[in-house]
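When a ligand or atom number is given, it counts from 1 through the structure's own listing order.
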Amino acid sequence: MNIRRMQTDILIIGGGSAGCMAAIRAKEIAPEINICIWEKADFKYSGSIARGMDALNIVCIPNLSDPDLYLEAIQSGCKGVVDSDPSYVMAQRSYDLLKKLEKWGVRFIVDKKGNYRTLQYHVKGRFQTAMDEPDLKLILAQKVLEKNVTILNRIMGISLLKDGDQISGAVGMNTRTGELIVSQAKTVILCAGGQARFNLPNSGYLYGTFDYPGNSGDGFIMGLDAGAKLTGMEYCSSVNLIKDASMPLLAITVTRGGRVMDCFENVIMEGAVNRIDEMNKAVDEGRGPLRISLKHLPEETISEIEHILFTCERPVQERFFRNRHIDFRTHDIELWPTEVQLCGGHGMSGIRVDENAWTGIYGLYAAGDVACVPKQHLTGAFVFGEIAAENAVKVTKNINDVCVDEKKILSILNKKESRENNLDKNIDIKEFEYKVRRIIGDYIPSPKNEYKLHRWLEWSKVFKNDLEMKVKIEDGHDLARLYEIEHIIRCADCSAVAAITRKESRWGDAHFRSDYPETDNQNWQKHVLVLQGDKYENLDTTTAPVSGLNQKEIFHEN
Ligand SMILES: Cc1cc2nc3c(=O)[nH]c(=O)nc-3n(C[C@H](O)[C@H](O)[C@H](O)COP(=O)(O)OP(=O)(O)OC[C@H]3O[C@@H](n4cnc5c(N)ncnc54)[C@H](O)[C@@H]3O)c2cc1C
């Protein structure tokens with residue numbers, strides 16, 4: 001078989017925020033253990049951070065806020081569908097995390113008295129702590145490099161391998177050559193981010209998404225195929241952000257006094273980012289486009305906002321606004337609904353994990369946006385990257401050896417070779433992705449109903465057949481992209497079956513069913529879980545109660 005082989009103790013799939021932090025932590029506590037990161041792009045610039053960041057959205061600063069208050073805030077934000085332990089543990093470890101980052105040279109903003117600059121992002125509590133760090137990803141990458149971690153860039157994980165009931169490694173693909181790679185590993189930490197490339201963004205550009213476009217739900221699907229359960233896949237998160245750019249700015253402008261206005265000059269949100277549902281409602285009612293107004297703010301505040309927007313997260317914003325002659329002192333910023341995103345960072349979708357970042361499968365952990373610790377943001381990616389590493393190290397030390405499943409590897413190789421064979425294939429891959437995502441946009445996001453969701457499932461069968469039989473592959477890059485599109489389609493299937501199962505409306509526009517318009521707390525304040533059935537095409541759903549603090553029942557289902 002033309003396959004590259006390797007062995008490691010812990011394999012981390014995805015070298016973004018969570019993956020880098022997991023590698024650093026594992027080496028801190030067990031320098032003798034072999035760690036390898038597979039990163040689809042180049043780990044120095046990949047992932048949601050890519051460059052820098054302007055805030056750690058959840059920090060419980062002593063004497064200002066505490067984990068109990070955070071739990072109240074997040075329970076309210078998630079309308080009761082949140083397992084308490086993971087969110088609580090994350091909040092508990094958040095301040096130590098901030099201190100650790102500071103020691104690494106990450107700059108948080110403090111006043112003359114040494115108090116951190118905090119802002120109100122949640123319904124209650126000032127957890128958002130301002131950062132001014134344009135080089136955050138480089139700092140993380142440097143730390144990883146210092147720790148003697150093996151990094152394989154341009155390797156995309158496509159399937160996990162098991163030895164009986166336990167994880168034993170993964171199969172990946174070189175995104176330039178299409179060559180397969182197999183790693184035997186005692187434990188695996190999935191850190192492959194969420195699903196950014198779902199429906200189309202308003203610009204129509206395939207990669208012009210809010211979240212990092214390399215995150216195509218691969219981690220969700222790898223976890224699902226290995227037997228993990230997905231939750232919250234019906235939560236279709238979309239926010240109103242900069243028109244045609246889908247770039248972040250609410251947390252930066254609104255928390256500093258910016259006003260979100262509708263077209264009738266009504267102020268919808270000011271001071272805290274706590275009325276996203278109202279913003280979506282205003283657009284649905286025809287009061288859009290919404291815009292952010294900063295004109296009333298003092299020069300000092302406008303300059304601060306410009307500094308953050310133009311240096312930290314997406315510095316390209318400076319050119320974007322300049323070329324459109326938009327000066328915040330005289331012009332408002334037009335907002336437009338973004339594409340839908342499925343993720344556990346800003347949203348509530350992902351692999352269900354407990355407070356140990358455990359997925360319920362021996363040897364498999366998940367951290368960051370691929371895991372469902374609802375709305376955990378960067379804090380969750382870092383904290384659960386560390387927690388996953390701590391637990392993976394423990395388990396790794398107890399395992400002598402694992403075997404990889406050669407039969408499965410062979411079937412993956414055969415499928416790849418059949419996808420590479422262009423005989424009688426004539427659909428261009430870019431056009432295929434465009435059509436898949438356009439149809440997802442037609443049938444999956446709110447307003448949802450049984451008819452529309454089933455229509456998607458019909459289309460999905462057509463697309464899966466086209467993917468195997470009709471889409472042309474020119475090179476290794478196209479091939480990797482084909483696997484990404486397969487994952488996009490399968491994430492849409494998961495979202496559809498979860499939405500069909502949840503016969504109520506919840507979370508505003510994130511899950512509005514026109515055939516069940518009311519929220520039904522009595523029957524539906526619980527998880528809808530998606531599981532892979534016996535056959536590739538079959539998905540099963542079930543429900544599970546929300547787990548309360550210290551109840552240790554995360555993997556117990558109805
Ligand atoms: C624009 C934007 C602004 C944000 N601002 C803030 C903020 O101010 N404060 C805050 O707290 N949070 C913020 N967040 C959220 C936060 O950045 C994310 O929750 C967090 O970075 C997610 O980390 P992650 O490691 O899960 O994903 P990522 O950092 O996105 O990393 C995922 C990595 O996996 C790789 N990958 C994907 N698939 C595969 C595969 N199959 N094989 C190998 N590698 C793969 C990707 O290339 C990527 O490098 C923001 C997010 C975005 C998108």
Side-chain angles (χ1 to χ4, degrees), residues 11-22 37-59 94 97-98 119 121 127-131 133 136-137 140-141 151-160 170-175 181 189-197 209-223 239 241-242 245-252 255 273 308 312-314 317 338 341 343-347 350 366-371 373 375-385 388 480 483-484 487:
L11 176 67
I12 298 172
I13 302 184
S17 321
C20 286
M21 202 51 126
I37 298 179
W38 281 359
E39 166 52 48
K40 188 191 252 188
D42 181 327
F43 90 117
K44 281 195 193 129
Y45 305 105
S46 65
S48 305
I49 300 184
R51 290 281 304 258
M53 203 122 281
D54 61 276
L56 203 48
N57 282 354
I58 303 144
V59 185
S94 59
L97 167 75
L98 177 149
L119 302 149
Y121 182 72
F127 302 103
Q128 191 183 54
T129 306
M131 192 195 272
E133 189 47 78
L136 183 60
K137 190 70 201 285
L140 275 182
I151 297 142
L152 297 185
N153 284 323
R154 314 284 170 203
I155 299 293
M156 166 185 176
I158 55 172
S159 187
L160 296 172
V171 180
M173 173 180 290
N174 184 307
T175 56
I181 176 166
I189 307 178
L190 273 178
C191 299
Q195 171 55 277
R197 261 169 44 225
T209 52
F210 166 75
D211 197 356
Y212 174 68
N215 294 341
S216 47
D218 311 343
F220 294 159
I221 301 304
M222 278 188 273
V239 194
L241 294 181
I242 306 170
S246 282
M247 285 189 267
L249 86 168
L250 289 178
I252 297 154
T255 51
V273 187
I308 299 166
C312 275
E313 282 180 10
R314 298 289 184 269
Q317 284 198 30
T338 63
Q341 172 193 11
C343 94
H346 278 86
D369 287 7
V370 72
V373 178
K375 308 189 183 198
Q376 58 182 311
H377 297 268
L378 189 57
T379 310
F382 284 162
V383 167
F384 283 101
Y483 280 82
E484 291 185 329
H487 297 156

Checklist entry - Touching ligand 1 at all, Ala251? Heavy atoms, strictly under 4.0 Å? => result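 The answer is no: ligand 1 sits nowhere under 4.0 Å from a heavy atom of Ala251.
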Below a 4.0 angstrom heavy-atom separation, can you tell me which part of [X], side chain or backbone, both or neither, approaches ligand 1?
X	result
His346	side chain
Cys191	backbone
Ala381	side chain
Ile158	neither
Phe210	both
Gln128	neither

Ligand 1 atoms in contact with [X] (distance to a heavy atom under 4.0 Å):
X	value
Ser46	49 (O)
Trp38	43 (C), 44 (N)
Ile13	42 (N), 43 (C)
Ala55	7 (C), 8 (O), 9 (N), 10 (C), 11 (O)
Gly368	26 (O)
His377	10 (C), 11 (O), 12 (N), 19 (O)
Ile155	42 (N), 43 (C)
Arg314	1 (C)

Protein contact to [atom] [nearest heavy atom, distance to 0.1 Å]:
atom	value
atom 20 (C) of ligand 1	Ser17 OG, 3.7 Å
atom 16 (C) of ligand 1	Leu378 N, 3.7 Å
atom 13 (C) of ligand 1	Met53 SD, 3.7 Å
atom 26 (O) of ligand 1	Asp369 N, 2.7 Å
atom 35 (C) of ligand 1	Glu39 OE1, 3.3 Å
atom 25 (O) of ligand 1	Ala18 N, 2.8 Å
atom 11 (O) of ligand 1	Asn57 N, 3.0 Å
atom 37 (C) of ligand 1	Ala192 O, 3.2 Å

Next on the checklist: Test side chain to side chain contact (heavy atoms under 4.5 Å, CB included) on Thr255 and Val273; report intermediate values, then the result.
Outcome noted: CA-CA 7 Å; Thr255 51; Val273 187; 4.2 Å; yes
Could you grab the distance from atom [atom1] of [X] to atom [atom2] of [Y], nearest 0.5 Å is fine?
X	Y	atom1	atom2	result
Ile308	Met53	CD1	CE	12.5 Å
Met131	Cys312	CE	SG	8.5 Å
Thr209	Gln341	OG1	CD	8.5 Å
Leu140	Glu133	CG	CD	10.0 Å
Asp42	Arg154	CG	CZ	5.5 Å

Item to check | Derivation and outcome, side chain to side chain contact (heavy atoms under 4.5 Å, CB included), residues Asn57 and Leu378 | outcome: CA-CA 7 Å; Asn57 282 354; Leu378 189 57; over 6 Å; no
Checklist entry - Are Trp38 and Ile181 close enough, and set up right, to give a side chain to side chain contact (heavy atoms under 4.5 Å, CB included), and what steps lead you there? => result CA-CA 10 Å; Trp38 281 359; Ile181 176 166; 4.0 Å; yes
Next on the checklist: For atom 46 (C) of ligand 1, which of the options Thr209, Asn215, Ile252 provides the nearest non-hydrogen atom?
Outcome noted: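 Checking each option, the heavy atom nearest atom 46 (C) of ligand 1 is found in Asn215.
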Checklist entry - Which is closest to atom 41 (N) of ligand 1 by heavy-atom distance: Asp54, Asp218, Val59, Leu190? => result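 Looking at heavy atoms only, Asp218 sits closest to atom 41 (N) of ligand 1.
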Item to check | Contacts of type salt bridge (Lys or Arg N to Asp or Glu O under 4.0 Å), residue Lys375, not counting sequence neighbours | outcome: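 If we apply the salt bridge (Lys or Arg N to Asp or Glu O under 4.0 Å) test to Lys375, skipping adjacent residues, there are no hits.
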Checklist entry - Is there a nitrogen or oxygen of Asp211 sitting under 3.5 Å from a nitrogen or oxygen of ligand 1? => result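 No, Asp211 has no N/O under 3.5 Å of an N/O on ligand 1.
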Item to check | Any N/O pair Leu56/ligand 1 closer than 3.5 Å | outcome: no
Checklist entry - Distance-only, no hydrogens or angles: does the Ser46 side chain make a donor-acceptor pair with backbone N or O of Lys44 under 3.5 Å? => result no
Item to check | Under 3.5 Å: donor-acceptor pair, side chain of Gln376, backbone of Ile58 | outcome: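 Not confirmed, Gln376 side chain does not pair with Ile58 backbone.
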Work out which heavy atom in [X] is nearest to a heavy atom in [Y]; give both atom names and the distance.
X	Y	result
Ala366	Ala371	O-CB, 3.8 Å
Ala170	Ile13	CB-CD1, 3.9 Å
Ser48	Asp211	OG-OD1, 3.1 Å

Checklist entry - Phe210 and Leu241: side chain to side chain contact (heavy atoms under 4.5 Å, CB included), yes or no, with the steps? => result CA-CA 9 Å; Phe210 166 75; Leu241 294 181; 3.3 Å; yes
Do any side-chain atoms of residues 215-222 form donor-acceptor pairs under 3.5 angstrom with protein atoms, and if so which ones, sequence neighbours left out?
from: Ser216; atom 1: OG; to: Lys40; atom 2: NZ; distance (Å): 3.1
from: Ser216; atom 1: OG; to: Asp218; atom 2: OD1; distance (Å): 2.8
from: Asp218; atom 1: OD1; to: His487; atom 2: ND1; distance (Å): 2.8
from: Asp218; atom 1: OD2; to: Lys40; atom 2: NZ; distance (Å): 2.8

